[in-house]
Amino acid sequence: MQIICICQKKVVILQPHYKLPKNTTMKNTKNSTNAKTNAKTRSRHAGIWIMIVAAVVLEAISCTMYFTSRAAIRHEAEQRAKTELRKAELEIELHTIEMETAAKTLAKLTEKHLDHPDSIFADTRLTVSTLRANTSLAVAFVPDFFHGLRFYEACSSKFSQDSIYTRNIGSADHDYTQMEWYQNGFVHDSCWWCDPYLDDSGSQTFVVSCSCPVKNAKGETVAVVCVDMSLSDLKNISEYLQVYPNSYYTIRSSAGTEIVPVPDTVPGRKYNIYQEEIDATGWHIEVIIPEEELFRDLNHIGKIVGILMLLGLIVLALIVVYSTRTTQKMIAFAEKNQRMEGELEVAQTIQKAMLPKVFPPFFDRRDLNIFGMVDPAKEVGGDLYDFYVRHNKLFFCVGDVSGKGVPAALVMATTRSLFRSITAHEEEPSAIVHKINCALCDQNDQNMFLTLFLGVLDCRTGELAFCNAGHNAPVSIQSSEFSVQSLEVKANLPLGIEPEFVFQAQKLPMSKNDLLFIYTDGLTEAENKRHEQYGDERMLRAIGNCRLQIADCSPRKLIEAMKADVTRFVDGAQQSDDLTMLAIRYQQDAIIMRNDIQQIPTLAEWIDSLGIPEELNMPVNLALEEAVSNVMLYAYPEVKNGQVLVEFVRSQIAGEQAHEQIIFTITDSGIPFDPTQQPPADTSLSVEERAIGGLGIHLVMQLMDEVKYERVEDKNVLTLVKKL
């Protein structure tokens, strides 16, 4: 973007005469054209003088370069040798650290399986399979550790990715207790590298070995782990140290033993030697460069300087000749940039259209109150949130894609589409997250990842099932205890990293008016001009203040207050990351009753708390008592520990006959029973002549405007509707 801005500024400077003032006459236009012609002539003359001055300057520079190039080339050669030496050191350290890590890992696994010698073979095989190089590793136990076995050395050798050979190589002919690497395990408490030797049992080549002790529960060394690194691999790693055609290299152990030997040198030839110590092993790596190689190019320095000067003049001439064409290209580039900005605005509009933007989102539901916002750091961002209701369950998610800009926006759009498509037929959070992860891992060439918090809230029971994929822990605001605290969540891995990762889900019961606040790290990591972060403690304190200072701390008011607080904190500092917040309040009115007729009186107290019109209290109470009693009698004829869930919703019906209504939903897990299909009671008969049963459901249907039965997911669902 900086280049584009500079280009735009140049366009304005180069064409100041293209703007004509208002009410310009033909004469003024002609004068303006002549002025432009004169300016072009002066520009060409200036270009010629620039070329002359540049030629003189280049000649002076060439002479200076000629006399200073010798020292410069020598210094550059030394720096190059040291740089390549450092690169080789880091590469060897990388391999040795990998070997040491494998040794420590195998030692830990062996300590866990000391009582299971067969498992140790599996541990060696698993560990060697993780190494990039073809090598061998072994676990050698002290003699007679396992009864009946004097020598026991579990060894796995990797000859290719698909060829791993595992066996016990300990024997009287192979007395590993005399090996230096084995003895090092009793001398040193951590990883230690031995001098080179010929391994005729494991790797079957010249190697250096890293050893690590294995201790029992008493802290005694009972075995030694050995990981081999072949000298041929070390040689291949350091071969690129031949920075000059006739340079040499060597690697020596801390004791001075040659690991990669020094080749024969030419007598009488001067050499420059550069040395570096490998911190991880104490080895020394050297590069040896003949003196004549450093200054070979000095013989051609005159030609090189002349060619550079000529090229500089040619380039300068091209710049002067094609300045107009360059200006036109700059103008075209600026226009292209404007088109790109327009396309980014369209992309921003499309991205915003993918996010929920109508609040409150569910006009026909009083059990949920939701509000969310996304504030991208650039035109388009990588944060997302989404939610919708299916089968009386709220599916929602908040995610944060690594990086910013268009690539992150594409991942965001993909994730949102996956969330919608997968949750259309899947309700288990861990399964949903696993499927999204598999899709994002497929062909993830850019190695982008995504943190995600995904939840499924059962609007009937208030049970929240969720799965956290490396995201910030949400904040729970419990209305009953007036507490504000971060949820204890299992972090899991972010999405897009490991396709086979097993995600663990969790559950949380939510009570009426409990509020869940989910956010991205753009909130807690927001920085002010002093580079101080907003932080978790300040966030929790701000949420607590909102809870105390705002009487009706709705999701919208909470997020608006948090946005205002973080804006005050950053105090005009540039936003560095996308900021997303989503707040969900559970407002369900429900009661769960045991399968016990003695529970019926609790319905009256619950109905009084719902705030329905007073004239409806009596008929609604009577209808619910009859309906719930009917469930307890017929849905659970032989079960005593069943439950009955009664839910309340108040909704608006739009249209020509707009009205408000109250809805009661009675759910049980008993045997299938449809009370609406029972024969209607004949109220014209006397009590003695009338059949037993049927009067209760008849009364319910008379008191309510609509009674509907469904069998959903092995549950009886009876819905009672009363218009207001």
Report the relative orientation of the aromatic rings in Trp606 and Phe664; use parallel for angles under 30°, tilted for 30 to 60°, perpendicular for over 60°.
perpendicular
Report yes if some heavy atom in the side chain of Pro509 is under 4.5 Å from a heavy atom in the side chain of Leu464; otherwise report no.
no
Once you measure the plane-to-plane angle for Trp192 and His188, does it fall in the parallel (<30°), tilted (30-60°) or perpendicular (>60°) bin?
parallel
I'd like to check Leu368 versus Cys459 (side-chain heavy atoms, cut-off strictly below 4.5 Å). Are they in contact?
yes
Identify the two heavy atoms, one from Ile597 and one from Met632, that lie closest to each other, and give their separation to 0.1 Å.
N-SD, 3.8 Å
4.5 Å side-chain heavy-atom contact, Val224 and Val214:
no
Below 4.0 angstrom, N of the basic side chain to O of the carboxylate: do Glu111 and Lys215 qualify?
no
Within a strict 4.5 Å, meaning less than it, do heavy atoms of the Gln533 and Arg538 side chains meet?
no
Can you tell me how far apart CG (Asn617) and CD1 (Ile612) are? Round to the nearest 0.5 Å.
4.5 Å
Any donor-acceptor pair under 3.5 Å linking the side chain of Asp514 with the backbone of Ser511?
yes
Walk me through it: do Leu508 and Phe466 pass the test side chain to side chain contact (heavy atoms under 4.5 Å, CB included)?
CA-CA 8 Å; Leu508 172 72; Phe466 62 89; 4.0 Å; yes
Where do Ala635 and Asp668 come nearest, in terms of heavy atoms and distance?
CB-OD1, 3.3 Å
Restricting to non-hydrogen atoms, name the atom on Val128 and the atom on Lys158 that form the minimum distance, rounded to 0.1 Å.
O-CD, 3.4 Å
How about Tyr709 and Thr719: does a side-chain donor come under 3.5 Å of a side-chain acceptor?
no
Do the non-hydrogen side-chain atoms of Thr415 and Leu440 ever get within less than 4.5 Å of each other?
yes
Heavy-atom donor-acceptor pair, Tyr636 side chain to Gln643 backbone, under 3.5 Å
yes
Short side-chain to backbone donor-acceptor contact, Glu98 and Glu100, under 3.5 Å
no
Can a donor-acceptor pair be found, under 3.5 Å and without considering hydrogens, that links the side chain of Asn437 to the backbone of Glu498?
yes
Kindly determine whether Phe517 and Leu523 satisfy side chain to side chain contact (heavy atoms under 4.5 Å, CB included), including the steps that lead there.
CA-CA 12 Å; Phe517 177 72; Leu523 174 63; 3.9 Å; yes
Contact between Tyr388 and Phe396 at the side-chain level, heavy atoms closer than 4.5 Å - yes or no?
no
Yes or no on side chain to side chain contact (heavy atoms under 4.5 Å, CB included) for Asn716 and Thr667, after CA distance, side-chain angles and deciding distance?
CA-CA 6 Å; Asn716 298 312; Thr667 306; over 6 Å; no
Side-chain donor or acceptor of Asp123 paired with backbone N/O of Thr127 under 3.5 Å:
no
Does the side chain to side chain contact (heavy atoms under 4.5 Å, CB included) test come out yes or no for Val628 and Val646, once each step is laid out?
CA-CA 9 Å; Val628 173; Val646 184; 4.1 Å; yes
For Asn392 and Asp458, test the side chains for any donor-to-acceptor distance below 3.5 angstrom and give the result as yes or no.
no
Measuring from atom CG of Asp577 to atom CG of Leu579, what distance do you get when rounded to the nearest 0.5 angstrom?
8.5 Å
Can a side-chain donor-acceptor contact be found between His471 and Asp400 if the only test is distance below 3.5 angstrom?
no
With rounding to the nearest 0.5 Å, note down the distance linking NE2 in His95 to SG in Cys210.
14.5 Å
Once you round to the nearest 0.5 Å, how far does CG of Asp536 lie from CD of Glu525?
9.0 Å
Sub-3.5 Å donor-acceptor pair from the side chain of Asn492 to the main-chain atoms of Gln504, do we have one?
yes
What distance separates Thr520 OG1 from Asp383 CG, expressed to the nearest 0.5 Å?
4.0 Å
Distance-only, no hydrogens or angles: does the Asp596 side chain make a donor-acceptor pair with backbone N or O of Gln599 under 3.5 Å?
no
How close do Cys441 and Pro499 get, counting heavy atoms only, and between which atoms?
SG-N, 3.6 Å
Assess whether atom CD of Glu220 is packed by more than 12 heavy atoms of other residues, nucleotides or ligands within 6.0 Å.
yes
Between Arg125 and Ser156, does any side-chain donor sit less than 3.5 Å from a side-chain acceptor?
no
Mark yes or no for whether Glu625, through its side chain, and Pro601, through its backbone, hold a donor-acceptor pair below 3.5 Å.
no
From Leu384 atom CG to Leu452 atom CG, the distance as rounded to the nearest 0.5 Å
6.5 Å
Looking at Asp714, is its backbone amide N or carbonyl O close enough to the side chain of Arg711 to form a donor-acceptor pair, meaning the two atoms are under 3.5 Å apart?
yes
Looking only at heavy atoms, the pair that brings Glu710 and Lys708 closest together is OE1-CE, 4.2 Å
Polar contact flag, side-chain donor to acceptor under 3.5 angstrom, Lys715-Ser669:
no
Polar side-chain atom of Tyr519 near backbone of Met581 as donor-acceptor pair, under 3.5 Å
no
Look at the rings of Tyr385 and Phe387 and say which category their plane angle falls in: under 30° parallel, 30 to 60° tilted, over 60° perpendicular.
parallel
Less than 4.5 Å apart, side chain to side chain, heavy atoms only: is that true for Val644 and Ile666?
yes
Determine the minimum heavy-atom distance between Val489 and Gln506, stating which atoms define it.
CA-OE1, 3.3 Å
Does atom CZ of Phe449 have more than 12 heavy-atom neighbours from other groups under 6.0 Å away?
no
Parallel, tilted or perpendicular: which one describes the rings of Phe569 and Tyr534, with boundaries at 30° and 60°?
perpendicular
Using a 4.5 Å cut-off on heavy atoms from C-beta on, say whether the side chain of Glu527 contacts that of Glu532.
no
